[in-house]
Amino acid sequence: MNFWYFLTALTLLSALMVVFAKNPIHSVLYLVFTFFCISGHYVLLNAQFLMAVNIIVYAGAIMVLFLFVIMMLDLRKNVPESKSNLTKLAGAVLGGTLLVVFIAATRHMNLGNGSGAIGAQTGMVESLGMILYKDYLLPFELVSVLFFVAMVGAVMLGKREAGERNF
Amino acid sequence: MNAIIALSLSGIASLFLGFSTNRKNLLITTLLFVLVALGLNLADWNHEYFWFNNMLKTDNLSINFSSVILLSTALVVAISRSFGDDEEHTHPAEYYAIMLFAAAGALMMVTYENMIMLFVGLEILSVSMYILTGSDKRNLRSNEAALKYFLMGAFATGILLFGVALVYGATGSFNIHGIGEVVSRTKKGMELFEGGVILYAGIILIFIGLLFKVSAAPFHFWTPDVYEGAPTIFTTFMSTVVKTAGVAAMYRLLSISFPAVYGLWGNPLVWITCLTLIVGNITAVYQQSFKRMLAYSSISHAGYLLITILAKTPNTNGSILFYSLAYSIATISAFAVLMIVSENKPKDGKPDESFEALNGLSVNNPFLAFVLTVSMLSLAGIPLTAGFFGKFFIFTDAFSNVSPLFKNILVVAILMSAVGVYYYFKPIIAVYMKKGEIAEIQLPLIYKITLIITTALTIILGIAPDLVKNMF
């Protein structure tokens, strides 16, 4: 339990730093750290496979992609804020309200005494595979349509065409 | 369900067809694919099936919505004219494939039984729309619209997903009937059950995500820019298929999962509905561009559809269905006329989409002028068109609800339809009264047939609305 508190505090802190860091590169690095912390939570929930996937896919592949893009676009220059004060105020009010609602929600939550038995096999690849290919077969297959659309679109939009400006 | 499989496969097939056949054939094949899907969809009529471990459920209502979506898709494909004959810069095979995939996503959104299916369907539809919005790569407005739509849509999806997660946390179920069961076990009123606040927060977040997709008022800011920036043919697709699917998905969720907590989502929805009607209609009055006016009109029609979702009468099924059908066919004819006229009269190398472009259309093109007039009358809700009965059914639903709140909504809705008459008559006046020179426009045969179908359907449904209304 103590470790959980420590991990949660670390997660929240690094997540906040993602938003508050001035330098985009730092933001990404904090985000990587946040993903590691979340992977720690997965371990505590007995979901080892998810932990591994989360680190490999998110912290590994996607975040590296982020870093590349940021380095390529050279975003280090501090662009002055373009938002008006009214927008900021509205955002703060809305976000604050949502925060209050969530704090209220967690206060009302009945967490139980935590004695519910978790099967030792819960987070293993085998049981995950059973769920994925038995219960959730249809969404699993249809997600491929989503990826296919995204791929076709990326190729279509990214292809250089005749008469286009070459950088 | 079979229609979804067929559409997914034919999307892939259509990509491969791009290698060999010419553009004309591609149009015909895609049209055929959509009609096959429509047939497969209708084959399940009067049977209630659960598919793949309760992932999807087809019943007559969902089949009807699917049919409206597939019909709109077929009509949009039919007016696409194979995307011109610019071999270098347009890719019809890809466009048709993405449209077919988008239709599959839309069908998932109206038949889902599991929240995961809603999410997957919504994402397929949205991602397809982001791509198609930006498909006119050399047009800066199109690029801007695509990026804007993508960023805002991604946030809306994130919010929706967060809501789904919270609802799952509170009820322990992704299944919409399962969620409904847990929710209905709550005590009457706003008393909290275990995890109640989480449930309520989740419902509101799901709501925001879906309202964004149907472009209801506080979440509508993307609509005019995206509708204007996207190529007109894809704007047509967006304002018919995406809207129908979004409204149907929302109705399914609210009527099956959350009727027990009507007090929670009903009150905000009343305000959202009124705001949508007012913002959509009043802003439409000030538009100089016909296309932008139609974008605002689509916002206001989302408002009318929300009224009947709110009213929750036994007639609601039929009313939503009739309204989305009437709205879809009228919108398709309006955009079809706009598309062909604006391309005929380019201004600065781009299609001229202002009202002036329509000036004097009736002199040499009486058919196009008539089609435009009927569709505008239908959108405004003038009797003897489908739009009139659409509005009539919705107002009847609102009136039959005992809650005094609905009288207020009705007053707003009726006032706003009166405002609507003003701006829907602008193009009609431009067509018949204003002087202008438009040479006779040659219509491809399939284009002409589509316009005849939409116009005839609008008039037939305006004379005999029972044809569709009594299907339940």
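Every chain is numbered from 1 and lettered A, B, ... according to where its sequence line falls, protein lines coming before strand lines. This one's a predicted model, so the numbers in the text were calculated from it and none came from an experiment.
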Rounded to the nearest 0.5 Å, what's the gap from [atom1] on [X] to [atom2] on [Y]? Could you check?
{"X": "Phe52(B)", "Y": "Asp135(A)", "atom1": "CZ", "atom2": "CG", "answer": "13.0 Å"}
{"X": "Met108(B)", "Y": "Leu138(A)", "atom1": "CE", "atom2": "CG", "answer": "7.5 Å"}
{"X": "Leu98(A)", "Y": "Ile204(B)", "atom1": "CG", "atom2": "CD1", "answer": "10.5 Å"}

Verify the neighbour count for atom [atom1] of [X]: are there more than 12 heavy atoms of other residues, nucleotides or ligands below 6.0 Å?
{"X": "Phe33(A)", "atom1": "CZ", "value": "no"}
{"X": "Phe50(B)", "atom1": "CZ", "value": "yes"}
{"X": "Phe150(B)", "atom1": "CZ", "value": "no"}
{"X": "Leu140(B)", "atom1": "CG", "value": "no"}

Close side-chain approach of [X] and [Y], heavy atoms under 4.5 Å:
{"X": "Asn53(B)", "Y": "Leu137(A)", "result": "no"}
{"X": "Val101(A)", "Y": "Tyr200(B)", "result": "no"}
{"X": "His91(B)", "Y": "Lys159(A)", "result": "yes"}
{"X": "Phe148(A)", "Y": "Leu15(B)", "result": "yes"}

So what's closer than 4.5 Å to chain A heavy atoms on [X]: side chain, backbone, both or neither?
{"X": "Asn54(B)", "answer": "neither"}
{"X": "Leu166(B)", "answer": "side chain"}
{"X": "Phe174(B)", "answer": "side chain"}

Determine the minimum heavy-atom distance between [X] and [Y], stating which atoms define it.
{"X": "Ile131(B)", "Y": "Ala150(A)", "answer": "CD1-CA, 4.4 Å"}
{"X": "Val145(A)", "Y": "Ser8(B)", "answer": "CG2-OG, 3.9 Å"}
{"X": "Pro139(A)", "Y": "Ile116(B)", "answer": "CB-CG2, 3.6 Å"}

Between Leu132(B), Val120(B), Leu125(B), which shows the greatest number of heavy-atom pairs under 4.5 Å with chain A?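 Most heavy-atom pairs within the cutoff with chain A belong to Val120(B).
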
With side chain to side chain contact (heavy atoms under 4.5 Å, CB included) as the test, would you mind laying out the steps for Val143(A) and Glu123(B) before giving the verdict? CA-CA 9 Å; Val143(A) 161; Glu123(B) 270 305 88; over 6 Å; no

Working note: Leu142(A) + Ile4(B), criterion side chain to side chain contact (heavy atoms under 4.5 Å, CB included); need CA distance, chi angles, decisive distance, verdict. CA-CA 9 Å; Leu142(A) 285 174; Ile4(B) 296 176; 4.1 Å; yes

Tell me, side chain or backbone of Tyr136(A) under 4.5 Å from chain B's heavy atoms, or both, or neither?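 Its backbone and side chain both get close to chain B.
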
Quick one: are the ring centres of Phe102(A) and Phe162(B) less than 6.0 Å apart?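 Yes, the ring of Phe102(A) comes within the 6.0 Å limit of the ring of Phe162(B), centre to centre.
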
